[in-house]
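Step one of this worksheet: look at the structure below.
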Amino acid sequence: MQKYLSLLLLSCLLVMQATAQMRTITGRVQDKKTHAAISGAIVSLKKGGKAITHSDQKGRFTLNVPNGPLTLEAIATDYETTTVQITAGLSSIVINMQSVLHPVNAKDDRLLEEVITTGYVHKAPEPLSEPSSTPVASPMTYALQGKVAGVAVNYGNTKRRAPENHFNTEDYSAITENIFHTATDQPLSTFSIDVDRASYSNVRRFLNQGVQPPQDAVRIEEMINYFDYNYKSPTGKDPVAIYTDMAVCPWNTSHQLVRIAIKGKDVDARELPPSNLVFLLDVSGSMDEENKLPLVKRAFAALVQQLRPEDRVAVVVYAGAAGVVLPSTSGNEKKKILEAMESLQAGGSTAGGEGIQLAYKIAAEHRSANSNNRIILATDGDFNVGASSDGELQRLIEKERQQGIFLSVLGFGMGNYKDNKLELLADKGNGNYAYIDNFEEARRTFVTEFGGTLFTVAKDVKLQVEFNPAFVQSYRLVGYENRLLNNEDFNNDKKDAGDMGVGHTVTALYEIISATDKAGKGVNWVDPLKYQQNTVVGHLPEVLTVKLRYKQPQENTSKLMEQVLPYNRQQITEAPEDFRMATAAAAFGQLLRNSAFKGTITYNDVLQLASSAKGQDKEGYRAEFIQLVKKAQLVSKDQE
């Protein structure tokens with residue numbers, strides 16, 4: 001007993017001694033000349049320690065450091081790296097950083113016409129085409145000299161132009177809404193699942209600016225799938241589970257609304273395989289805006305904090321050409337990775353295709369049998385050098401994805417945003433697509449949903465729904481217009497489809513007209529067939545059968561699942577909370593699109609439906625949705 005008490009006392013003394021050897025330093029990072037706060041600056045011990053932190057929006061930071069004299073180092077975009085000596089008794093400090101930007105001479109109008117960057121360009125000794133010439137530059141070298149893929153650019157004479165009104169060149173693919181199909185003529189509906197949610201956050205960006213989003217920016221399936229739904233995780237051998245139910249359609253109460261829900265299995269983070277990641281970052285001139293490259297840095301810094309020692313990260317950038325800023329590095333070297341990210345500056349044209357090829361090359365070099373191999377592309381989508389057309393990029397991605405490397409795409413910025421191009425890249429690269437309009441969206445993508453964003457549990461997931469003509473006269477798939485497949489694609493394992501990550505949910509809605517509805521309102525009927533007489537053999541209680549095909553991430557042969565939906569008539573107000581929320585999101589999307597199928601639904605109806613489905617709402621996404629509906633209601637009245 002005495003020995004035990006002695007050991008306990010010794011342990012307490014050691015803990016007290018260790019605590020006494022540490023202290024907390026608070027401080028503020030600011031511009032040396034203007035004293036303006038510098039947010040996102042990396043503050044760390046220069047030598048002999050692992051303490052590292054970031055300054056917040058007000059430039060403030062807190063850091064736990066050893067007692068005694070030491071040296072702090074601050075790194076921030078557009079500022080010189082700054083070191084500060086700290087004495088033993090000091091607990092608060094202000095770090096003044098010197099800007100490296102040259103101010104515009106307002107009296108010289110010629111400067112307002114100059115390009116963003118000036119300097120010299122010369123070819124490096126070794127050509128890019130040789131494997132040994134893959135450039136690897138230190139972060140500081142890249143930041144100061146602009147070394148990229150065999151071309152060195154001196155950004156020492158960087159000039160910023162005065163603000164000007166730019167033309168809006170945002171690009172969205174046209175959406176032709178799904179129509180009603182008769183169940184006797186077309187009993188099958190086949191499509192690829194979609195877990196993207198870029199459209200929702202992009203729509204949010206417009207509404208937060210008090211602007212009506214373009215109709216083609218509103219993809220209703222992404223509005224629906226933005227939210228977290230509390231579907232039960234699969235318990236069997238399959239990595240996904242299927243759930244179905246139905247209720248009266250709120251925008252046309254003579255119709256029914258069918259919900260098909262899919263849930264990917266949850267996996268403990270400790271059981272996730274090691275990640276082999278390549279950050280592919282656009283640092284071209286178009287990224288030189290606050291909501292682009294600076295936001296990219298903050299977003300990826302959040303991801304870096306989630307990495308484990310067994311994970312690896314490389315950083316590839318592209319502007320006029322592509323190059324390696326950071327070779328594949330262990331996840332426990334977070335400071336090194338963050339320094340590489342913070343050193344980046346924007347300038348030049350956009351050789352996106354070349355960057356993609358280089359990223360795949362590096363990912364392939366560090367791939368292992370059980371690793372999670374993924375490229376994460378961050379860009380505004382404005383490719384203008386090399387492979388840049390949709391067709392060229394699609395063929396490039398389809399070729400490279402055969403290596404078993406997934407491609408996730410993150411869109412940033414506004415004004416020249418190329419939504420259609422980025423959606424295409426993610427679809428063809430077996431990855432997901434998100435639009436990052438603020439740091440909260442970055443936190444959700446890389447922190448809250450870390451597993452779902454980076455780890456795939458099922459790939460090439462397809463749905464085929466067979467409607468029972470005994471019950472269903474006609475049906476319409478709500479959204480998913482650019483995910484439709486031919487019926488024969490369902491059993492074709494060579495046909496690419498969507499992928500599901502850890503814990504992901506996917507929801508699809510069908511608006512159906514009952515076979516008892518002889519009026520057939522909203523349906524463009526065709527004349528009866530002369531040579532075919534379809535005989536209905538389905539059982540009336542069965543509304544439809546859902547078939548699902550998926551592949552394991554490392555396999556090329558699909559597996560089949562099935563689920564039957566029995567008839568159930570209930571009001572939408574009696575339906576489960578998640579069903580009501582998905583319906584509210586779909587109705588909201590149809591109002592924003594001024595859809596021909598929006599029926600009698602109003603913004604007030606959407607607000608009432610969403611308010612009833614708010615639930616616990618731990619992250620506040622449903623509460624935010626309600627606010628967006630109110631903003632859309634005001635914007636729509638302004639345009640009347």
Side-chain angles (χ1 to χ4, degrees), residues 39-40 57 160-175 196-220 222-227 282 285-299 346 378-382 409-423 433-445 584-585 587-595 598 602-604 606-607 610 619-640:
S39 63
Q57 291 184 346
R160 297 294 178 98
R161 288 184 290 184
E164 59 183 53
N165 293 323
H166 296 283
F167 290 106
N168 189 323
T169 60
E170 294 194 13
D171 207 354
Y172 301 91
S173 295
I175 296 175
D196 297 339
R197 56 169 183 255
S199 178
Y200 182 92
S201 50
N202 193 27
V203 165
R204 177 176 61 201
R205 183 250 298 187
F206 281 103
L207 292 177
N208 282 337
Q209 294 174 338
V211 177
Q212 185 82 13
Q215 285 189 4
D216 291 327
V218 183
R219 291 187 289 274
I220 294 178
E222 295 183 27
M223 303 290 288
I224 296 170
N225 287 313
Y226 183 81
F227 299 96
D282 182 352
S286 66
M287 294 291 288
D288 190 21
E289 297 178 20
E290 182 60 31
N291 62 347
K292 293 187 180 181
L293 187 56
L295 182 55
V296 169
K297 294 178 182 181
R298 295 197 294 273
T379 177
D380 57 13
D382 195 8
V409 179
L410 303 180
F412 290 81
M414 61 186 71
N416 66 329
Y417 184 59
K418 302 297 183 287
D419 172 84
N420 52 357
K421 199 178 295 291
L422 298 188
E423 184 190 20
Y433 169 39
Y435 176 76
I436 309 297
D437 59 330
N438 54 43
F439 184 72
E440 171 56 31
E441 188 66 21
R443 186 188 72 85
R444 178 181 183 181
T445 301
F588 184 44
Q590 291 183 130
L591 284 172
L592 291 174
R593 286 189 53 79
N594 193 26
S595 168
K598 66 182 180 182
T602 66
Y603 285 111
N604 284 332
V606 175
L607 286 171
E619 296 292 337
Y621 301 134
R622 299 189 184 192
E624 180 192 56
F625 173 83
I626 293 171
Q627 297 304 313
L628 288 182
V629 175
K630 293 178 180 178
K631 292 175 184 178
Q633 190 173 29
L634 290 174
V635 171
S636 65
K637 288 181 179 178
D638 289 341
Q639 295 182 351
E640 291 178 354

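- Ala217 pairs by the side-chain contact (heavy atoms from CB on, under 4.5 Å) definition with Tyr172, Asn202, Pro214, not counting sequence neighbours.
- A side-chain donor-acceptor contact under 3.5 Å links Asn438 to the backbone of Glu440.
- Put simply, the side chain of Arg197 never gets that close to the backbone of Ala434: no donor and acceptor are under 3.5 Å apart.
- Atom-to-atom distance recorded for Leu293:CG and Thr379:OG1 is 10.5 Å, nearest 0.5 angstrom.
- With salt bridges taken as basic N to acidic carboxylate O contacts below 4.0 Å, one links Arg298 and Glu290.
- Taking OG of Ser636 as the start and CG of Leu591 as the end, the distance is 8.5 Å to the nearest 0.5 Å.
- Contact check for Arg593 versus Ile175: side-chain heavy atoms found under the 4.5 Å cut-off.
- Closest non-hydrogen pair, Leu422 versus Gly411, comes out as CD1-CA, 3.7 Å.
- Side-chain contact between Asp171 and Lys421: absent, with no pair of heavy atoms (C-beta onward) separated by less than 4.5 Å.
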Task: Test log, rule side-chain contact (heavy atoms from CB on, under 4.5 Å), inputs Ile626 and Val629 - done: CA-CA 5 Å; Ile626 293 171; Val629 175; 5.8 Å; no

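- Residues meeting the side-chain contact (heavy atoms from CB on, under 4.5 Å) test with Gln627, sequence neighbours left out: Lys630.
- Taking 4.5 Å as the limit, some side-chain heavy atom of Lys631 sits within range of a side-chain heavy atom of Asn208.
- Under a cutoff of 6.0 Å and an axis angle of 45°, Arg444 and Tyr226 form a cation-pi pair.
- Taken to the nearest 0.5 Å, the CD atom of Glu441 stands 10.5 Å off from the CG atom of Leu295.
- The CZ atom of Phe588 sits 5.5 Å away from the CG atom of Leu207 when rounded to the nearest 0.5 Å.
- Residues Met414 and Glu170 approach most closely at CA-OE2, 3.4 Å, considering heavy atoms.
- With no hydrogens or angles considered, no side-chain donor-acceptor pair links Tyr435 and Asp196 at under 3.5 Å.
- Here the shortest heavy-atom pairing between Ala584 and Val606 reads O-CG1, 3.7 Å.
- Nearest heavy-atom pair across Ala632 and Tyr603 is CB-CE2, 3.8 Å.
- Aromatic ring pairs are classed by plane angle as parallel below 30°, tilted from 30° to 60° and perpendicular above 60°; the pair Phe625 and Tyr200 is parallel.
- Remark: Met223 CE to Arg204 CZ distance equals 10.5 Å, nearest 0.5 Å.
- A donor-acceptor pair under 3.5 Å is formed between the side chain of Glu222 and the backbone N or O of Ser199.
- Closest heavy-atom contact between Ala198 and Arg219: CB-NH2, 4.3 Å.
- Contact detail for Pro213 and Val203: the closest heavy-atom pair is CG-CG1, 4.1 Å.
- A heavy-atom distance below 4.5 Å is not found between the side chains of Val409 and Glu423.
- Under the 4.5 Å side-chain criterion, counting only non-hydrogen atoms from C-beta, Asn594 is not in contact with Gln212.
- Ala378 meets the side-chain contact (heavy atoms from CB on, under 4.5 Å) test with Leu281, Val296, Phe300, Phe412; sequence neighbours excluded.
- If you take CG on Asp216 and CG on Asp419, they are separated by 9.5 Å, rounding to the nearest 0.5 Å.
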